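Small disclaimer: the values here were computed from a predicted structure and weren't measured.
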Protein chains: 2
Amino acid sequence: MEGGRAPGHRAGLTRTAVLRAARELLSEHGLAGLSMRALAARLDVAPNALYSHVANKTALLDALLDDVLAGVETPAADIEDPAAALHRLMASTYTVLLDHSDLVPLYLSRQGAHGPNAQRLGEITAALLRRADVTEPTEALRVLIVYTIGFAAFTSHLPPGAGTEQQPSAAEMRGNFDRGLDWLLTGIRAAADRR
Amino acid sequence: MEGGRAPGHRAGLTRTAVLRAARELLSEHGLAGLSMRALAARLDVAPNALYSHVANKTALLDALLDDVLAGVETPAADIEDPAAALHRLMASTYTVLLDHSDLVPLYLSRQGAHGPNAQRLGEITAALLRRADVTEPTEALRVLIVYTIGFAAFTSHLPPGAGTEQQPSAAEMRGNFDRGLDWLLTGIRAAADRR
DNA sequence: ACCTGAACACCGTTCAAGT
DNA sequence: ACCTGAACACCGTTCAAGT
């Protein structure tokens, strides 16, 4: 009687609740811990009840992937220095991906997300590349995306105590990412200037 | 009596035979089809018999990963143009990875292979970077490896009939890879020249 | 419309026992 | 040393049935 939106005695499961529980399960137990059965158990529901709210596990994961990208910091459309803005945009993407490192392997196996957030980021990046007079903005966009997700995938799989030659620390990888991003953007602009 | 090396009536399983069967299973049914049970069935053996020859599934996959790298074409140690040799080496790696596209996701989740073949390739690449007067050969090496495996991972997951804006064809991806590799090597050399 | 019980067709791995 | 039978503790998904 006090405003609860579930009138009856049913579980009152929601798609939103399913996705939230999936995120919690993921951050607590990793990708391996996110099974449909574990998810159902956490929601006090039979495993197959989930299929009333998500088509299947793949669809659930796709929704999770696109949601994460909402956290990427995007520059204003009329920013002065498009080259610097490109660096910041990719760096922010890298940060956000690593904040959800359990999901990173999935970005790779699906070639990124494809929901509304992913689409928006792609358009912003393409616009910046055009404003930076890059001759092949479509190719450069793909290279930057692959580079960023690939690097995040490598970094996300580091074991907790790392710092050897074979297993660099996350901080070292971050440094490598930034340096490589500079090299890439330098090379892209050199090609544009040469035209 | 005619030279068979298995004297008795046992299966006569070998580590080599297990690995070979795993490669066959992989190329025929993909990574999802490579289960320990399917592998045992193909070898007419109980599932747990495999554990006499490989420690577990992870060890089996690690061996598979390093084996593939034996196919990468390496330049002579005294090649004239180290920059061009670097491009060819990474391009050959990309080709070899895509020839075994089912394994590519595994390279990522384990940050490359770590067997003898992987080690040898790493040393050759590092030597080329030093000969090209790159100021940070270790960082450049990691960036190149991540770039190559990352790109292969993207390409390897393309659905058979591809060619749209969202889903480029494998040929387009190959072009993107080469262009991006040029950009990267250009940026790396620009940093070296600037010093 | 949403949820349950039960089942189907699988996994990787371990253990005790045989030869 | 190598293999088997049997089991343990899981998976994702579907189907028929209930409310």
Under 3.5 Å for both donor-acceptor distances, Watson-Crick or wobble: does dC2(C) have a partner, and if so which one? dG18(D)
At less than 4.0 Å, is any side-chain N or O atom of H53(B) found next to OP1 or OP2 of dA1(D)? Yes or no. no
Interatomic distance where NE2 belongs to H29(A) and C1' belongs to dC10(D) [whole Å]: 15 Å
Report yes or no: does H100(B) contribute a side-chain atom to a donor-acceptor pair with the main-chain N or O of V68(B) at less than 3.5 Å? no
Does a donor on one side chain and an acceptor on the other come within less than 3.5 Å for D182(B) and H87(B)? yes
Gap between atoms CG and P, on L61(B) and dG12(C) respectively (whole Å): 10 Å
Does the pair D193(A)/R189(A) count as a salt bridge with the N-to-O cut at 4.0 Å? no
Check whether any side-chain N or O of D66(B) sits under 3.5 Å from a backbone N or O of A113(B) as a donor-acceptor pair, and report yes or no. no
Distance between C1' atoms of dC8(D) and dC10(C) (Å, rounded): 15 Å
R37(A) side-chain proximity, nearest of dC3(D), dC11(C), dG12(D): dG12(D)
Between CE of M36(B) and C1' of dT14(C) the distance, given in whole Å, is 13 Å
Could you state the atom-to-atom distance from CG of L34(A) to P of dG12(D) in whole Å? 8 Å
Of the nucleotides dT13(D), dT4(C), dT13(C), which has the atom closest to the P47(B) side chain? dT13(C)
Hunt down the Watson-Crick or G-U wobble partner of dC8(C), both distances under 3.5 Å, from any strand shown, or write none. dG12(D)
Within the structure, does a side-chain N or O atom of S52(A) lie under 4.0 Å from either OP1 or OP2 of dA1(C)? no
dC10(C) P sits how many Å from L39(B) CG, rounded? 16 Å
Whole-Å distance, L50(A) CG to dC15(D) C1', equals 17 Å
Selection from dT4(D), dC3(C), dG12(D) that lies nearest to any side-chain heavy atom of S35(A): dG12(D)
Decide ring pair (Phe, Tyr, Trp, His ring centres under 6.0 Å) for F177(B) and Y147(B); before the verdict, give the C-alpha distance in whole Å, the side-chain angles of both, and the deciding distance to 0.1 Å. CA-CA 9 Å; F177(B) 170 77; Y147(B) 176 79; 5.4 Å; yes
Side chain of Y51(B) only, heavy atoms from C-beta on: which candidate in dT13(C), dC3(C), dT4(C) is closest? dT13(C)
Looking only at the side chain of K57(A) (C-beta and beyond, no hydrogens), which of the listed nucleotides dC11(C), dT13(D), dC3(C) gets closest? dT13(D)
Rounding to a whole Å, what distance do you find between R15(B):CZ and dC2(D):C1'? 16 Å
Rounded to the Å, how far apart are N56(A) CG and dT13(D) P? 5 Å
